[in-house]
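Sequence positions, counted from 1, serve as the residue numbers for this chain. What's counted below: heavy atoms across the whole structure, side chains too, no hydrogens, waters or symmetry copies. These numbers come from a predicted model, not from an experiment.
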Amino acid sequence: MRGYSSLRRRLTALIAGGGIVTSIVAAAGFCWMDLNIFWERTDAQVGAIAKIVSDQAGGALARGDRKAANETLLWLGADDWVRDAVLFDRQGARFAQFQRTAGDSLGNEPPDGLRRDRNVLILTRPVRVGGERLGTLAVAARIPFGLLARRYLGGAALIAILSLVVAALGAKTIQSQVSGPILAMAGTAERIEATHRFSDRVAVTSSDELGVLAASFNSMLAEIERRDEELANYRRGLEERVAERNRVNAELLFAKQKAESATRLKSEFLANMSHEIRTPMNGVMGMLSLLLDKCKDSEQREQLSIAQGAGQSLVTLLNDILDLSKIEAGKMTIEAIDFDLRKTVQESLGAFAIAAREKNLRLDSIVAPDCPAWVRGDPLRLRQILTNLVGNAVKFTSQGSLQVIVTPGARGRVKFEVRDSGIGIHASKLTSIFEAFTQADGSTTRQYGGTGLGLAITRKLVNLLGGRLSAQSAPGAGSCFFFELPLEERAAPPAGTAQTATVPDARRWPALRILVAEDNIVNQKVVCSMIRHEGWTAVLAGNGREAYERFLAESFDVVLMDVQMPEVDGLQATTLIRQEELRRSGGGRPTRIPIFALTAHASHAQHEQCLAEGMDAVITKPVSLPALRKALSPVIESLFSAA
C-alpha cells in the first residue's frame, strides 16, 4: 500500500468542496434575496418618509416660510441613513435643505422618481398643495453596503464552517464504513504478495456492496489457492514424468548407441570377413580359371567347373550377406535409368537355362503385349530380385514348369509373377519365409540346401524400389511370388544408339607392361599367371612403397593396385603416383597411367573412396580371367586408337 492516495482524504475533500460550493451558492442566493428585500423596504421607507415630509413641507412652501421648511427637513436627521434632503420651489431654486455632513449635498433639481447612485438612494417627488405642485422634495439616503457585505460574508463563512464539520464527520463515517474494509483487503493483498500464501481471508462485516466485495475477494483467494494446489500437484506429477522420461531417454540413448555400436561392429566384421574370405577365394577362383583355360581333358574340365561353381556359390553367399548388411544399414543405393524390360527379364531367366534343362523343367517368360518396352528404374536390382525368386523356384521344383509373367499394373506400375509347380509352402509359413536365416521347414535345408537369405534380401529390395512382395502357396500345389514396382514408361532409344563395345582379339592385343602391387603371395601368383597367360609382362611389388619406387624407375601401361598392403597401402601409393605425374607435367596436362584397384571389399563406400583417391576403376576379388580381360578392355581400346 506504499504511495497510495487515501480514499478518506479524497472523499473528505470532495464533501468539503461540495459544502463550500454549496455554501457559496446558498450565501449568494440569500444575499440576493436579502438585498432585494432590503431595497424594497428601503424604497418603501424612504418613500413613506418623503411623503410625510413633503406633506408637512408643502404648507411651509406655500407660505414661503423657510424656517418652518428647514425644521421639517431637520426632522429627517433622526434616521442615520438619511444623508441630506433639499426642498426646491416651483422655479427649481433651493427653498430649504438638510445636510448631515458638509460636502454631501444634491446638485440641481433631479427628475422625479427613485434612482440609485453608487452608495446613495435618491428619491425625488413633487410637493402639492390642493392639487397644485408648488415644488419638489429630493431626499438622499446613504446605503450601508459594508455592513451588508460583512453580514452576508459572515453568513457564508458560517455555512462553510458547518459544511467542513459535516465533511469531517462524513469522512470519519466513511473511514469506518468504506475505507476500513477496503484498506483491510489491500493489506491482505499486500501480505499475499509478500508471502505468496493465499490462505489469508478478509473479514466480512456487512451485507452491503462492501460485504459483497469482501466475499468475492475471499472467493477469488479460495479459487487461486485451489488452482495453486492443483498446479503444484500437476507440477510434481510433471516433474516425475519428466524424470521418468529422462530416464527412459537415457536408456533409449544408451540402447541406440549400443545398437549403433553393434551395427558398426557388425559392418566392420562383415567387411573384414569379406576381405579375409575373398582374399583366399581370389586364389582359388583365379587358379581354377587359369586351369580351365588351359585344360583340354573333358573330365578334368568338368571337375574344375564343379569346383569353380562351388567357389562361385560361396562368393554368392558372401554377396547375399553383404547385401543384407547394406540394406539394414540403409546404405543400399538405388539407380534410376532407362532399360529394356523384356531383355532384363530374359537375361534373368537365361542364367537358369542349364539348371532347368538338367531337371527337365519348362522355363517360360510371358510379357503382356501392353507392357511398356522401355521403363525407368534400377535394372540391376530388378535382375537381382528375379534371380533370387527364379533360383528358389528352380531349386524347389523337381518337375513341371516355371513361369515369369509380367503385366501392366495400376498407376504406372508393372506387376511381376514368378510361378512354379514345386513343393509349395504351408500357409502358416508364408510370413516367416521372408525373415533372414529362416526357411519354411528345417528339413528343406538338409534336402535342398540354402541359408534363408534370398527371400529376406528380395523383400527388402522390393520395398526399397517402392513395391511390396507377397506369396501364395499350398503344400504340393506350387508357389506364386508376385510384386509390383513403379516403373515409368520411357521411349525406346533411337536405333543405332546402343552400341556394344567390342574387345580386340586377344591374339592381336599389344604386349602390355603391367605393375602388380599385391602383398598376398597366392594372389601374386594368380594375378601374375593371368597376365602372363595373355602374353603380357607382369612386374611385382610387395607393397605400396615398392610400387611407387617401381613407377619412378620404370615405365608401365597399367597398374593393378591392391588396396590393403603393409607400410604404404594402395590409396596412399596412388596419391603419390598422381602427385608425381602432376610434377612431371610442369603445370600442363599430366600423362595419366590407368590404376585399377584390387580389393576384397565389395562395399560401395570402399569403391567410392578408391575413385576419390585417383584410381580409375575397381576390380573386386576374386578375380577371374574374363573379369580381368573385361576390366582392361578400355585400356586396350585406347592403345589401339592411339596406334
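- Here the side chains of F352 and L361 are not in contact, with every heavy-atom distance at 4.5 Å or above.
- Under the 4.5 Å side-chain criterion, counting only non-hydrogen atoms from C-beta, Q384 is in contact with N388.
- Judged by distance alone, with hydrogens and angles left aside, the side-chain atoms of T397 form no donor-acceptor pair with the main-chain N or O of V394 at under 3.5 Å.
- Heavy atoms of other residues, nucleotides or ligands lying less than 6.0 angstrom from CZ of R592 number more than 12.
- Contact of the F481 side chain with the S470 side chain is not registered, since no non-hydrogen atoms from C-beta on lie closer than 4.5 Å.
- Here the NZ atom belonging to K258 is positioned 13.5 Å from the CG atom belonging to L252, to the nearest 0.5 angstrom.
- Counting heavy-atom neighbours within 6.0 Å of L253 CG, excluding the residue itself, gives a total above 12.
- If you take NZ on K256 and CG on N249, they are separated by 12.0 Å, rounding to the nearest 0.5 Å.
- In terms of heavy atoms, L632 sits closest to W536 at CD1-CZ3, 3.4 Å.
- In this structure, the separation between SG on C610 and CG on L571 is 5.0 Å, given to the nearest 0.5 Å.
- Taking a cutoff of 4.0 Å between a charged side-chain nitrogen and a carboxylate oxygen, R342 and D340 do not qualify as a salt bridge.
- Around CD of E251, the count of heavy atoms belonging to other residues, nucleotides or ligands within 6.0 Å exceeds 12.
- Taking the side chain as every heavy atom from C-beta outward, R513 and V539 approach each other to under 4.5 Å.
- Under the salt bridge (charged side-chain N to carboxylate O under 4.0 Å, His left out) criterion, R532 pairs with no residue, sequence neighbours left out.
- Here the closest non-hydrogen pair linking V563 and D569 is O-CB, 3.2 Å.
- Between C528 and L540 the shortest side-chain heavy-atom distance falls below 4.5 Å.
- Taking each heavy atom of P379 and T344 in turn, the nearest pair found is O-CG2, 4.1 Å.
- Applying the salt bridge (charged side-chain N to carboxylate O under 4.0 Å, His left out) test to every pair with at least one member in residues 343-355, sequence neighbours left out, gives these pairs: E347-R383.
- Using a 4.5 Å heavy-atom cutoff, the side chains of R578 and I593 are in contact.
- Distance check, rounded to the nearest 0.5 Å: CD of E240 to CZ of R235 gives 12.0 Å.
- Between D562 and D519, some side-chain heavy-atom pair lies under the 4.5 Å cut-off.
- Under a 3.5 Å cut-off, the side chain of Q403 and the backbone N or O of I405 do not form any donor-acceptor pair.
- Put simply, CG on L512 and CD on E534 are 9.5 Å apart, with the number rounded to the nearest 0.5 Å.
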Go through E488 and R376 one step at a time and tell me if the salt bridge (charged side-chain N to carboxylate O under 4.0 Å, His left out) criterion holds. CA-CA 5 Å; E488 181 184 355; R376 186 170 185 82; 5.6 Å; no

I would like to know whether V390 and S348 meet side-chain contact (heavy atoms from CB on, under 4.5 Å); could you show each step before the answer? CA-CA 8 Å; V390 174; S348 301; 5.8 Å; no

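- Counting heavy atoms from C-beta outward, V375 and F339 have side chains that approach closer than 4.5 Å.
- One N or O on the side chain of S421 and one on the backbone of S401 form a donor-acceptor pair closer than 3.5 Å.
- Taking both residues in full, the closest heavy atoms of E484 and G409 are given as OE2-CA, 4.2 Å, listed atom of the first, atom of the second, then distance.
- Taking CD from Q472 and CD from E417, the interatomic distance works out to 8.5 Å, rounded to the nearest 0.5 Å.
- Shortest non-hydrogen contact noted between F556 and R550 is CE1-O, 3.4 Å.
- The shortest heavy-atom contact between V418 and A393 is CG1-CB, 4.4 Å.
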Quick one, V618 with F596, criterion side-chain contact (heavy atoms from CB on, under 4.5 Å). Give me CA distance, side-chain angles, the key distance, then yes/no. CA-CA 6 Å; V618 179; F596 292 85; over 6 Å; no

Dump the intermediate steps for side-chain contact (heavy atoms from CB on, under 4.5 Å) on R381 and L465, then the final yes or no. CA-CA 8 Å; R381 301 305 172 193; L465 294 175; 4.0 Å; yes

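- Side chains of E613 and T575: a donor on one and an acceptor on the other come within 3.5 Å.
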Is there a side-chain contact (heavy atoms from CB on, under 4.5 Å) between L402 and D364? Walk through the geometry before answering. CA-CA 6 Å; L402 187 149; D364 298 324; over 6 Å; no

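- Remark: K415 is not positioned above the aromatic ring of F483, lacking an NZ or CZ atom under 6.0 angstrom from the ring centre and at most 45 degrees off the axis.
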